[in-house]
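I have placed the structure first, in the form of structure tokens, so that the comments after it can refer back to it.
This one's a predicted model, so the numbers in the text were calculated from it and none came from an experiment. Atoms considered below: every heavy atom in the structure, side chains included; atoms not considered: hydrogens, waters and symmetry mates. One-based numbering, in listed order, for ligands and for the atoms of each.
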Amino acid sequence: MDKKEKIYTILKEAEGVLSGEKISAMLGVSRVSVWKHVKGMVTSGIPIVSSPQGYHLTPDPNSLLPWEFGVWQDHIHHFREISSTMDEATALARQGCPDFTVAVAERQTLGRGRMNRTWFSGDGGLYFTVVVRPDIPIVSASLVNLAAAVAMATILRTLFDIPASLKWPNDILVDEAKICGILSQMETEGDQISHLRIGVGLNVNNSPEVDEPTAVSMKKLVGDHVPRRQILISFLNNFKKQLVNFDADSLIADWRSNNSTIGRHVTITTLRKTVEGKAVDIESDGGLVLQMADGSCETVIHGDCFHI
Ligand code: BTN
């Protein structure tokens with residue numbers, strides 16, 4: 001634990017205000033040193049209030065600082081501003097980071113979505129990438145994306161009463177307005193998955209409709225500011241449970257029961273082509289079965305889906 005982390009822990013455990021003198025005695029450093037550390041912590045966004053009596057940490061359920069994550073603490077890499085959490089996760093993964101390492105940012109300057117689109121990433125949203133190393137065949141990798149989408153949709157429905165539905169493969173909608181997007185990237189070693197990077201952008205307290213008129217935020221839906229930490233912790237718990245007890249059949253069943261794509265006419269766009277048809281089913285590997293105008297069926301395994 002470095003000094004800042006120790007000060008944070010001491011203030012968190014203290015009830016009310018703690019004097020600089022007491023903290024300096026506990027740490028074995030001067031009061032000036034405590035003051036300098038606290039100043040740095042306040043600058044980096046930690047809500048410590050100073051008064052003549054000492055220092056006081058105000059509880060902040062919105063904080064995404066690693067120290068607030070309990071058992072997940074060592075997995076969290078937090079950034080105030082970053083190009084994209086995908087880039088940071090790539091670097092961490094290639095350095096051999098453990099399963100379920102998370103890069104999370106308050107803001108992204110080059111946030112990106114599927115098909116090279118920009119993902120607007122202003123203050124208030126939840127932007128993170130999880131590195132996972134599932135022991136499953138490469139052909140099942142798409143199911144990990146579905147699992148992430150199922151996990152987040154479940155949280156929106158059960159914890160916040162938001163009627164979230166899944167648009168194939170892993171967008172989350174509320175009445176056709178996008179609330180969450182997931183971008184996944186994979187690296188392989190021979191015929192095995194080395195790691196997957198699952199990037200999640202959730203509109204929480206940001207105002208996505210400014211840049212994307214068809215998007216919506218949790219704040220708008222629930223009518224109040226929504227703390228983000230509980231969402232990330234719940235997501236990690238749910239997602240991990242699914243990957244540890246990986247069960248493709250029950251995952252597909254969960255996806256089916258929460259989706260709004262099957263039964264719809266859709267266009268699916270890939271970097272090379274666009275196909276149009278009626279979505280009639282999802283296969284066990286996550287592919288979407290389309291019924292074409294001539295009655296034949298075609299399965300698409302990736303692409304961007306538009307409900308028409
Ligand atoms: C999409 O719907 O197109 C996917 C959007 C994914 C956005 C997230 S935000 C965190 C992570 N970092 C990025 O640059 N993109 C993903």
Subject >> Salt-bridge contact K178-D171 (side-chain N to carboxylate O under 4.0 Å) >> reply: yes
Original post:
For ligand 1, which atoms, with element, lie under 4.0 Å from some heavy atom of I182?
Top reply: 2 (O), 4 (C)
**OP:** Give the atoms of ligand 1, by number and element, whose distance to some non-hydrogen atom of R114 is under 4.0 Å.
**Re:** 1 (C), 3 (O), 4 (C)
Original post:
When you measure from atom 5 (C) of ligand 1 to every protein heavy atom, which one gives the shortest distance, and what is it?
Top reply: W119 CE3, 3.4 Å
Original post:
Closest heavy-atom contact between A93 and V131?
Top reply: CB-CG1, 3.8 Å
Original post:
At a 4.0 Å threshold, what atoms of ligand 1 neighbour a non-hydrogen atom of T85?
Top reply: 10 (C), 11 (C), 12 (N)
Subject >> Test item: side-chain donor near acceptor, T118 and R112, under 3.5 Å >> reply: no
Subject >> Per-atom contacts, ligand 1 versus G201 - under 4.0 Å to a heavy atom >> reply: 7 (C), 8 (C), 9 (S)
Original post:
Can a cation-pi geometry be assigned to K240 and F235, taking NZ or CZ under 6.0 Å from the six-membered ring centre and within 45° of the ring axis?
Top reply: no
**OP:** Using a strict 4.0 Å cut-off to heavy atoms of G113, name the atoms of ligand 1 that fall inside it.
**Re:** 1 (C), 3 (O), 4 (C), 5 (C)
Original post:
In terms of atom number and element, which parts of ligand 1 are under 4.0 angstrom from non-hydrogen atoms of G111?
Top reply: 14 (O)
Original post:
What do you reckon, does K178 have a nitrogen or oxygen under 3.5 Å from a nitrogen or oxygen of ligand 1?
Top reply: yes
Subject >> side chain to side chain donor-acceptor pair (under 3.5 Å) assessment of H307 paired with T261 >> reply: CA-CA 7 Å; H307 290 166; T261 296; 2.9 Å; yes
Original post:
So, T270 versus H302: side-chain donor-acceptor pair below 3.5 Å or not?
Top reply: no
Original post:
Taking only heavy atoms of R112, which atoms of ligand 1 are found under 4.0 Å from at least one of them?
Top reply: 6 (C), 7 (C), 13 (C), 14 (O), 15 (N), 16 (C)
Subject >> Single hit among T154, I162, D161 for side-chain contact (heavy atoms from CB on, under 4.5 Å) with T158 >> reply: T154
Original post:
To which protein heavy atom is atom 12 (N) of ligand 1 closest, and what is the distance rounded to 0.1 Å?
Top reply: Q108 OE1, 2.8 Å
Original post:
Of the backbone atoms (N, CA, C, O) and the side-chain heavy atoms from C-beta on, which set of T129 has a member under 4.0 Å from an atom of ligand 1: side chain, backbone, both, or neither?
Top reply: side chain
Subject >> Subset of ligand 1 atoms that lie under 4.0 Å from at least one heavy atom of S84 >> reply: 12 (N), 13 (C), 14 (O)
Subject >> Ion pair check, D304 and R117, cut-off under 4.0 Å >> reply: yes
